[in-house]
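Everything quoted here is computed from the prediction, not taken from an experiment. Note on naming: letters A, B, ... go to the chains in the order of the sequence lines (proteins, then strands), and numbering restarts at 1 for each one.
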Amino acid sequence: MEIALSVQNLSKKFGDFTAVKEVSFDVEDGKFFSILGPSGCGKTTLLRTIAGFYEPSAGSIKIRDKDMSGVEPNKRPVNLVFQHLALFPMMNIFENIAFGLRRRGEASREIEKKVNDILERVGLPGFGNKKIDQISGGQKQRVAIARCLVLDPSVLLLDEPLGALDAKLREHMKVELKKLQAEVGTTFVYITHDQSEAMVMSDHVAVMNSGSFEQVGSPQELYHNPKSSFVAQFVGNNNRLPVKVHKDERGNFLARYLDGRDYLLEGEYDLSSGEDHDLFIRPEAIVINPPKESEVSNLMRCEVKAILFDGGNSRLLVIPEGTNEELLVALPQNKQYDNIRVKDKVEIGWNKAAAVCFKKVEFKIYDDV
Amino acid sequence: MTMSRRKKIKWSFFVFFIPVFLWLFLLIVLPQLELLRMSFLKTDYYGESGVTLGNYLAFFTEPIYWLTFVRTAGYSILVTLVVLIIALPVSFYITKVADFKITNFLMVLILVPFWVSELIRIYGWMILLRESGVINHFLTSVGILREPVEMLYNDITMVMGLVYTTMLFMIVPIIGVMESLDDSLIEAAHDLGAKKITIWRTIIIPYIMPGIMSGSIIVFMLVLGSYLTPNLLGGKNSIWFTEQIYNQMIIYFNWNQGAAFGFLLLLLSSFIIWLALKLTKQDWRTVIK
């Protein structure tokens, strides 16, 4: 597979502040690659550096094996879909899409054909004469993407283009965008702070935190095998339990939680640098009142604090006995748990393989108050 | 209930409307109407007698009059263009390039000269430029010039003075529009392959066109109707159309002729503005907003 975009040891500094630290990654041709991170993690800086608006402080960017250092944005074979789309208000839709082609000096008959083709492709046939303010948010989105795709870029960069849309439309556009990418086969590099957008659409996701990549992998890898505390917290939902890890006489690693009990852990831990760890258990990996004969490795006694009904995404908010902590537990809507009430005592269980444990680190996630 | 409410609104409307109306009607509309009436009257040795179009015809039959007008209009257009060419990069620098901390300072720098009356500023230029002035003194003492040169009383100095006195009125409306231009539009154009000059041509100028047109109209009208600057800096060789009106009214005491010239100035300048709006395909309503 050909490499469409290759970034090696890229750093970008603004004065004393390092926005991007030694980032390296390759994107294969035709793939949907996402960079996921909280606001202020440097993902927009990285994208703008690839687009050519910033000169990197160190490292290299190669697009289809051509080094891009010193190449102006208007000469790069990449195009950027802006966060607020940046459609030209003084032009109609046809002229917006034709803009890049005209700059290349293509013949007007050729331009007309290409623009109409791409309008057809993004599902807006016959929209050419409309003004920008006559179309809806989702349609603007498609015009902005069409304006770039018509130039047949090696890589299409997207800077959180769904951020400004309302929730329902965003859900819809996620699927739409993924379908469009599969159809046109252009390499997409997409940045977002919304993990669901990244997971649904991408072939590969890079999780970015304070300027560097924490982990790069498929959405499944990130979800099932997070390599760091940050990834475990940021990708998908997770319960974070402060624990102290120790080793028993049989060589098992155990995590002692605030309730004073030990829970079995999977794998080996290096305890030389302290015992403080964070145990991550996903709400959907927890079973409520597991049957006695089942083989769950860990059981915990809790009290129900609240039932958060949200259809298929319903959850139980529970307090482990003897603590003030709160845990979220998935509540399947299969009538089995309908008898659970607030203040009930429940037992929750999880398999040791379904939980991950990392050395305690401090980090900030924007929506983690 | 509804009746009394409606009455109340009407009553308060008149409270605010009447002073404005009186101001406009008594001080602007009435004198204008009187001038309009005068412009159609004939004057002979015995006073005013009869209605005539002669005052207007005189403008077209006497080459000195319409040539002065053509000259005035031509120079006004030239001044407007020069002001525009200087104002574009200045406004762009203030709104898009300069650090936002010094933006206000730069605006004050542009405003400060306008706190001083036009007369004082023009005298300032005269002190600098005249034969025994500061610049001549400097150039002769350094040795660049052997003897002082008269820099006043020519067309170039006059144009420069007019550009200087009207610059603010172009920069302010352009900055107003340019501030609302999203930077990402410029970046998007750059990203889609446009060079700097193309970005100006296809994105920035079309976007700020309403600002350009309102600035141009203000500057054009100010220059066309200005009296002080062309008179003081232009001297006797560069006569301005307003000076013709002044001469008719004050020197020849021919108010009828002066009134006719005044209306011709109004009509012709309105026509030029209408033509400019048509040529640039701008809507009058968006421009005055």
Side-chain angles (χ1 to χ4, degrees), chain A residues 15 44 47-54 68 71-92 95-106 111 115 118 132 140 143-153 155-161 163-164, chain B residues 84 88 91-92 95-102 173-216 276-289:
Chain A
T44 300
L47 200 72
R48 291 174 64 88
T49 314
I50 297 171
F53 291 114
Y54 298 142
M68 285 294 130
V71 180
E72 288 278 297
N74 56 346
K75 300 275 193 296
R76 292 192 184 201
V78 294
N79 289 111
L80 177 58
V81 177
F82 285 77
Q83 189 164 13
H84 299 291
L85 307 180
L87 297 175
F88 305 133
M90 52 288 204
M91 303 176 195
N92 62 16
E95 283 305 320
N96 260 283
I97 298 176
F99 187 87
L101 296 171
R102 289 204 198 286
R103 302 289 80 80
R104 284 185 186 170
E106 293 196 16
I111 292 175
V115 173
I118 201 84
I132 296 304
K140 280 182 193 164
V143 172
I145 292 167
R147 186 173 73 173
C148 294
L149 283 182
V150 78
L151 298 173
D152 199 20
V155 178
L156 182 67
L157 309 170
L158 299 102
D159 182 4
E160 302 202 39
Chain B
L84 177 63
L88 282 178
S91 328
F92 187 77
T95 50
K96 299 291 171 200
V97 183
D99 195 336
F100 72 96
K101 278 175 253 168
I102 63 164
I174 290 183
I175 281 182
V177 185
M178 209 182 266
E179 263 175 350
S180 72
L181 172 64
D182 189 351
D183 291 2
S184 67
L185 289 186
I186 297 171
E187 287 177 346
H190 198 34
D191 185 65
L192 291 168
K195 294 188 293 272
K196 285 207 175 72
I197 190 117
T198 324
I199 296 173
W200 271 98
R201 188 169 57 79
T202 56
I203 308 294
I204 301 175
I205 292 189
Y207 189 89
I208 60 170
M209 207 55 190
I212 290 179
M213 283 318 289
S214 56
S216 299
L277 285 171
K278 271 276 165 291
L279 286 177
T280 55
K281 298 193 186 91
Q282 286 293 304
D283 187 13
W284 171 247
R285 273 156 297 187
T286 56
V287 168
I288 56 173
K289 237 194 276 181

[X], part contacting chain B, at a heavy-atom distance under 4.5 Å:
X	value
A:Gln83	neither
A:Leu80	both
A:Leu87	backbone
A:Arg48	side chain

Notebook entry, point to check: Are there residues of residues 186-198 of chain B that reach to under 4.5 Å of chain A by heavy atoms, and which ones?
Noted result: B:Glu187, B:Ala188, B:Ala189, B:His190, B:Asp191, B:Leu192, B:Gly193, B:Ala194, B:Lys195, B:Thr198

Note to self: Checking B:Asp183 now: which residues fulfil side-chain hydrogen bond (donor to acceptor under 3.5 Å, both in side chains) with it, not counting sequence neighbours?
What the structure shows: B:Lys96

Notebook entry, point to check: Can you name the residues that form a side-chain hydrogen bond (donor to acceptor under 3.5 Å, both in side chains) with B:Thr95, not counting sequence neighbours?
Noted result: none

Checklist line | For B:Val177, side-chain contact (heavy atoms from CB on, under 4.5 Å) partners two or more places apart | finding: B:Tyr207, B:Ile208

Margin query: If we define contacts as heavy-atom pairs under 4.5 Å, which of A:Ala144, A:Pro89, A:Pro73 has the most with chain B?
Written below: A:Pro73

Check: Looking only at heavy atoms, which two atoms of B:Leu185 and A:Phe88 are closest? And how far apart?
Finding: O-CE2, 3.4 Å

Next item on the list: Compare every heavy atom of B:Thr202 with every heavy atom of A:Met91, then report the nearest pair and how far apart it is.
Entry: CE-O, 3.7 Å

